[in-house]
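None of these values were measured; they are calculated from a predicted model. For this chain, numbers begin at 1 and follow the sequence in order.
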Amino acid sequence: MNRLSKAAIAVLLVTLGYLGWQYVPAPLPANWSDTELATIQSLWLGSLPPLPPDVGNAVADDPRAAELGHALFFDTRLSANNAVSCATCHQPGLGFTDQLKVGAGISMVDRNTMALPGAAYSPWYFWDGRKDSMWSQALEPLENPKEHGTDRLQVARLVFNDPDYRQRYTELFGELPDLSDDTRFPAHASPITNPEQQQAWAAMREEDQIAISAVFANTGKALSAYQRKLMPGPAPFDSYAAALKDNAVTADDHALNRDQIAGLKLFIGKAQCVNCHNGPLFTNNSFHNTAVLSAPGALPAAGRSEGLRKAMQDPFNCLGQFSDADPAECQELRFARGGDEMIGAQRTGSLRNLAQSAPYMHAGQITSLADVIEHYNAAEIAVIGHNEAKPLRLRAVEKKQLIAFLDALNGPLATASRWLQAPESKQ
């Protein structure tokens, strides 16, 4: 067969265009070095190791605990107004976030809602890392007056009075205290909520305080067992990385286009993103000050320096009496780095499924990915602490290529559909 001339090819393409066909050039194979290939493989979701333990949670991987936690996660009775559940801010249809600048429970909070898929891999929780396990993290919103606004007596009574919850709880953790005794257990009490509830808590016997706090802690352990089911699934980048693994030089499946491949090269090279956003979840789960400005009208956040202090004082931490861990398992808490050098440092968020998690940063201060990249490109002086980032001097086309690559990190969840909605018995 004779080769078509360039003119004939041009005519053919124009004709096909009239017929609605669009010509998309195949991506050029990137010339990856061995070091770059190794880095790409380290980012591939297929390199994700097995789930680490939820330290201090003996039922973290018990299917019965996951079922109980699943029901609790969607239950609005875990709130003062019977209108707020964990799913109010962590919405399954939005990648378990809410697409708001800051979360909104009973009222507006002061921090952006972090996505849950893959969060079980982190040793620290909240933007400032004030919780050292997923089970202890699940407890704080319940007694936060701006989020669920409930108290630990109300939580315990819900479990006690709901026959289904009571049976499930008993099978997992043993008998509940007898909350029908109103002389021992008031309707509402907590050591950390409003003054009236604090006074009611102080009037309780110490052994009853411990019993209620244990029920409260176990509720968090069940919620964590459910949340460990929430995992990100493969994105176009992962298809590309898998193809590279099979063929060490080129990827022929066209999972990424030219801009995305160029963006990947920038991501692991000139743009230095991989310094913090590394591993299959694109986060090192650590804390960094990158000079993100405070939300309008808010004081600069102390970040990790304050968060670690809170974690050390938390009665529900790894070393606390409600933890199932041996003290030797609490290495993260015992040897964590804090102090003045961590002032203003916030936790590194995962970059997977960014399309669902805008706006960005700890208080939703930055609206778009373009603005996020511009923030790192400029690397301004920090208001408090020291900005770890350095100016990148990216060109306009390079910024667009980075955004194109980040778009290739959007993919479906690798979680069975039944976990993504309230169980039928609680709907």
Side-chain angles (χ1 to χ4, degrees), residues 45 69-70 72-76 78-79 83-122 124-131 134 137-142 144 146-148 220 223-224 226-235 276-277 279-283 285 287 292 295 301 307 346-372 375 403 406-417 419-422:
L45 198 58
H70 181 203
L72 290 166
F73 188 88
F74 289 90
D75 196 333
T76 57
L78 277 177
S79 64
V84 176
S85 71
C86 303
T88 298
C89 292
H90 298 286
Q91 299 175 33
L94 299 177
F96 285 87
T97 182
D98 53 15
Q99 297 186 343
L100 301 174
K101 285 188 175 182
V102 294
I106 286 179
S107 61
M108 301 298 291
V109 302
D110 58 359
R111 289 291 178 264
N112 183 261
T113 301
M114 300 190 87
L116 293 180
Y121 279 86
S122 178
W124 301 103
Y125 295 86
F126 293 109
W127 285 97
D128 60 2
R130 63 185 180 271
K131 290 287 188 175
M134 181 170 270
Q137 178 279 325
L139 301 175
E140 181 168 318
L142 299 178
N144 186 324
K146 293 182 178 181
E147 295 188 60
H148 291 247
L223 283 166
S224 173
Y226 162 66
Q227 291 174 75
R228 286 167 67 83
K229 300 285 186 185
L230 309 177
M231 297 297 298
C276 299
H277 295 285
L281 296 176
F282 287 81
T283 172
N285 290 314
F287 302 85
V292 177
Q346 304 289 343
R347 187 175 143 211
T348 304
S350 171
L351 298 184
R352 287 191 175 271
N353 294 317
L354 283 176
Q356 293 182 310
S357 60
Y360 305 104
M361 305 304 180
H362 64 274
Q365 304 98 310
I366 303 183
T367 303
S368 69
L369 285 178
D371 290 338
V372 170
H375 167 79
I403 293 174
L406 293 173
D407 186 58
L409 300 180
N410 295 313
L413 295 181
T415 300
S417 59
W419 297 112
L420 305 182
Q421 55 188 346

> Where is the tightest heavy-atom contact between Tyr125 and Arg347, given as atom of each residue plus distance?
Replying inline: CA-NH1, 3.6 Å
> Where is the tightest heavy-atom contact between Ser350 and Leu281, given as atom of each residue plus distance?
Replying inline: OG-O, 2.7 Å
> Are any non-hydrogen side-chain atoms of Asn353 and Pro117 less than 4.5 angstrom apart?
Replying inline: no
> For Pro359 and Gly364, which heavy atoms make the closest approach, and how far apart are they?
Replying inline: CB-O, 3.7 Å
>> Working note: Arg130 + Glu140, criterion side-chain contact (heavy atoms from CB on, under 4.5 Å); need CA distance, chi angles, decisive distance, verdict.
In response: CA-CA 10 Å; Arg130 63 185 180 271; Glu140 181 168 318; 2.8 Å; yes
> What is the minimum heavy-atom distance between Leu223 and Cys86, and which atoms define it?
Replying inline: CD2-SG, 4.2 Å
>> Counting C-beta onward and ignoring hydrogens, is there a side-chain heavy-atom pair between Leu354 and Leu409 closer than 4.5 Å?
In response: no
> Of all heavy-atom pairs between Ala235 and Ala408, which one has the smallest distance, and what is that distance?
Replying inline: CB-O, 3.3 Å
>> What's the separation between atom CD in Gln356 and atom CZ in Phe96, rounded to the nearest 0.5 Å?
In response: 10.5 Å
> Yes or no on side-chain contact (heavy atoms from CB on, under 4.5 Å) for Val102 and Asp110, after CA distance, side-chain angles and deciding distance?
Replying inline: CA-CA 6 Å; Val102 294; Asp110 58 359; 5.6 Å; no
>> Filter on side chain to side chain donor-acceptor pair (under 3.5 Å), then keep only pairs touching residues 363-372, sequence neighbours left out; what's left?
In response: His362-Gln365, Ser368-Asp371
> Just by modelled atom types, is the Trp419 backbone N or O under 3.5 Å from a matching donor or acceptor in the Tyr226 side chain?
Replying inline: yes
> Sequence neighbours excluded, which residues qualify as salt bridge (Lys or Arg N to Asp or Glu O under 4.0 Å) partners of Arg111?
Replying inline: none
> Is a side-chain N or O of Asn112 found less than 3.5 angstrom from the main chain of Leu100, in a donor-acceptor match?
Replying inline: yes
